[in-house]
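See structure below.
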Amino acid sequence: MNGSRTMGGAYVRSVLMTLLDRVRGTRRGIRDHFFEREAVWPESAIPYAPPTRRHAREFGRLFEAGIIRAVAGGRFYMHQFALRHARDRAARRAVPWVIVAAVAISYLATRFYVDASQLGN
């Protein structure tokens, strides 16, 4: 057996990262679809049929969040300002977690600090 796969934490992390990459890839694919066709204003809306169930789920999430908006005739466009707002909101939510992680790492570094000059005595 592969040693990294036998360790539960490493395997779970690998699976979670794979799933996260899939969600990001799906979201990026939908975003790119609209941007490549310049469907970023109501006047330039396009029809969209999600190619897979995963795309359909992510499209639904983006639609519910107001990032993708509908216009008459079953056409959709990606609202740039809503997308930017969602990204900014996600970044703001991440800041406290980054601070907590930095404080925890600092604490652990000082807690287990060993002065190398004292080891020989």
Expected list for residues 88-110: side-chain donor-acceptor pairs under 3.5 angstrom, two or more places apart:
residue: Arg89; atom: NH1; partner: His85; partner atom: NE2; Å: 3.4
residue: Ser106; atom: OG; partner: Ala102; partner atom: O; Å: 2.9
residue: Thr110; atom: OG1; partner: Ser106; partner atom: O; Å: 3.1
residue: Thr110; atom: OG1; partner: Tyr107; partner atom: O; Å: 3.0

Return the set of residues passing side chain to side chain contact (heavy atoms under 4.5 Å, CB included) with His55 (not counting sequence neighbours), or none when no residue passes.
Thr26, Ile30, Tyr48, Pro50, Pro51, Thr52
Would you compute the distance between atom CZ of Phe76 and atom CZ of Phe59 and round it to the nearest 0.5 angstrom?
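So the gap between those two atoms works out to 4.0 Å.
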Do Tyr77 and Phe81 belong together in a cluster built from hydrophobic side chains that touch within less than 4.5 Å?
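Result: no, two separate clusters.
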For Ile46 and Phe34: C-alpha separation, side-chain torsions, deciding distance, then whether side-chain contact (heavy atoms from CB on, under 4.5 Å) applies.
CA-CA 8 Å; Ile46 59 172; Phe34 283 91; 3.9 Å; yes
side-chain contact (heavy atoms from CB on, under 4.5 Å) between Trp41 and His79, intermediate numbers included
CA-CA 7 Å; Trp41 300 105; His79 194 266; 5.9 Å; no
Show me the side-chain donor-acceptor pairs of residues 64-75 shorter than 3.5 Å, one per line, residues at least two apart or across chains.
residue: Arg69; atom: NE; partner: Gly66; partner atom: O; Å: 2.9
residue: Arg75; atom: NE; partner: Ala72; partner atom: O; Å: 3.4
residue: Arg75; atom: NH1; partner: Ala45; partner atom: O; Å: 3.2

Residue pairs involving residues 31-40 (criterion side chain to side chain donor-acceptor pair (under 3.5 Å); sequence neighbours excluded):
His33-Arg37
